[in-house]
Amino acid sequence: MTAELTVPALAELRLRRSIKWRRFPGDVLPLFVAETDYLPAPPVAAVLSEAVTRGDIGYSTPGPELGKAFAGFAGRQWGWEPDPSQVTQVTDVGVGVVELLRRLVRPGDPVVISPPVYPPFFDWVPEAGGRVVEVPLTGTKLDLAALEAAFAAHPAAYILCNPHNPVGRVHTADELSELVRLAGLYHVPIISDEIHGALVLPGATFTPLLSVPGAAEVALAVVSASKAFNLAGLKCAAIVSASPRMARVVDGLAVEVTERTGHLGVLAAVAAFTEGDAWLSSLITTLAARRDQLSSLLATQLPALRWVPPEATYLAWLDASALGRDAEPRDRFLTEARVAVEPGTRFGAAGSGFIRLNFATSPEILTEAVTRMSTLST
Ligand SMILES: Cc1ncc(COP(=O)(O)O)c(C=O)c1O
């Protein structure tokens with residue numbers, strides 16, 4: 001049994017200067033943005049402090065290390081070994097997806113997404129010149145019949161969230177196989193955002209899309225160590241291709257796209273993917289314990305909230321519609337309970353009455369947050 005990770009005291013956390021700790025006043029418990037409260041994995045902290053001490057904080061230059069490190073990690077974690085030479089560094093997942101869309105989309109082309117979904121999906125499509133077409137999830141699952149109808153109209157691309165933020169679903173190998181079949185049949189390229197792939201909790205099995213037979217011909221993945229290892233500020237992600245056909249989409253990217261990656265981000269990602277397995281396993285143990293804790297806290301203190309516990313991620317998608325519609329539950333939790341969560345409406349219309357709560361924190365902060373939230377009357 002791996003030990004749980006600890007979290008610094010709240011006063012220490014409040015010294016952090018990232019958005020999680022700066023967005024709201026000091027009396028608010030911030031459980032909104034997807035940052036964790038854990039300290040970095042020791043191999044990551046070591047490589048970063050060594051680089052800073054040496055003054056090794058200049059520009060990154062694309063090299064083979066990131067591809068090799070990710071291929072090794074994917075092989076050990078998921079039994080899938082991409083070709084390291086088909087791993088291309090980019091600034092972050094958002095940049096990776098937008099730049100791929102720019103290659104695939106002509107102005108006004110439809111691009112399909114499945115809300116409720118990570119809010120920037122709604123922005124990345126128009127940023128690249130496309131038009132969002134929504135095929136909502138059914139419950140927490142992909143609606144494959146509705147996706148087939150949408151794919152039959154030949155959209156320029158489909159953006160998959162695998163695992164799916166905010167509902168925390170790990171799409172099954174069968175579901176992904178069917179998705180790949182549809183993409184092949186209707187010639188719809190898939191961009192699979194797999195930033196949460198390393199955050200699959202006990203009980204579920206992650207299937208990288210490109211490991212599905214046939215996917216290599218129709219799909220690209222965008223991956224990063226940044227979510228599991230909490231490295232968002234360092235700016236490093238990677239696009240993965242697995243066939244000459246899809247590699248041509250990546251080859252067309254401007255060279256600057258890869259050069260805009262953070263040097264410290266690459267160093268940290270290589271350390272995380274190469275030497276981070278033991279720490280990651282403690283993180284997963286910790287998150288599974290927080291998920292269980294949240295389950296009991298909700299059952300005893302906030303039974304008005306309904307949820308399907310996530311199979312992956314540290315994000316709880318909570319139906320708070322007993323407390324109001326649209327963004328009202330989030331606004332009430334913020335103003336009346338001083339707990340900041342994401343309003344469900346940011347994830348699409350289906351999020352009305354929902355909130356998304358980040359439970360990657362200490363048991364004490366989680367208890368305090370739910371206790372505060374439970375003071376609201378329905
Ligand atoms: C599904 C998903 N994609 C992308 C991102 C952001 O990634 P990046 O900071 O690398 O753009 C997040 C952040 O939470 C996310 O949940």
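Every number for a ligand or one of its atoms is a count from 1 in the order of the listing. Remember, it's a predicted structure, so these values are computed and weren't measured experimentally.
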Polar contacts were defined as any N/O atom of the residue lying under 3.5 Å from an N/O atom of the ligand; does this apply to Lys235 and ligand 1?
no
Would Glu256 and Arg260 pass as an ion pair if we require N to O under 4.0 Å?
no
Which residue and heavy atom of the protein sit nearest atom 7 (O) of ligand 1, plus the separation
Ile195 CD1, 3.2 Å
May I have the list of side-chain donor-acceptor pairs in residues 266-281 shorter than 3.5 Å, sequence neighbours left out?
from   : atom 1 : to     : atom 2 : distance (Å)
Thr274 : OG1    : Val270 : O      : 2.4
Asp277 : OD1    : Arg76  : NH2    : 3.0
Asp277 : OD2    : Arg76  : NE     : 2.7
Asp277 : OD2    : Arg76  : NH2    : 3.4
Ser281 : OG     : Thr2   : OG1    : 3.4

Cluster question for you: counting only ILVMFWY and a side-chain heavy-atom cut-off of under 4.5 Å, with indirect links fine, are Val117 and Leu209 together?
no
Ala232 near ligand 1 by a heavy-atom separation under 4.0 Å:
no
For Thr361 and Asp37, which I'm curious about, is there any donor-acceptor pair between the side chains at under 3.5 Å?
yes
The protein heavy atom nearest to atom 14 (O) of ligand 1 is Lys227 NZ, 3.0 Å
Which residue and heavy atom of the protein sit nearest atom 12 (C) of ligand 1, plus the separation:
Tyr118 CZ, 3.2 Å
For Ser321 and Asp319, which I'm curious about, is there any donor-acceptor pair between the side chains at under 3.5 Å?
yes
Regarding ligand 1, does Trp124 bring an N or O atom to under 3.5 Å of one of the ligand's N or O atoms?
no
Can you tell me which residue and heavy atom of the protein come closest to atom 1 (C) of ligand 1, and the distance to 0.1 Å?
Asp193 OD2, 3.3 Å
Below 4.0 angstrom, N of the basic side chain to O of the carboxylate: do Arg181 and Glu178 qualify?
yes
Does some non-hydrogen atom of His164 fall short of 4.0 Å from ligand 1?
no
Give me the residue, atom name and distance of the protein heavy atom closest to atom 10 (O) of ligand 1.
Val93 N, 2.8 Å
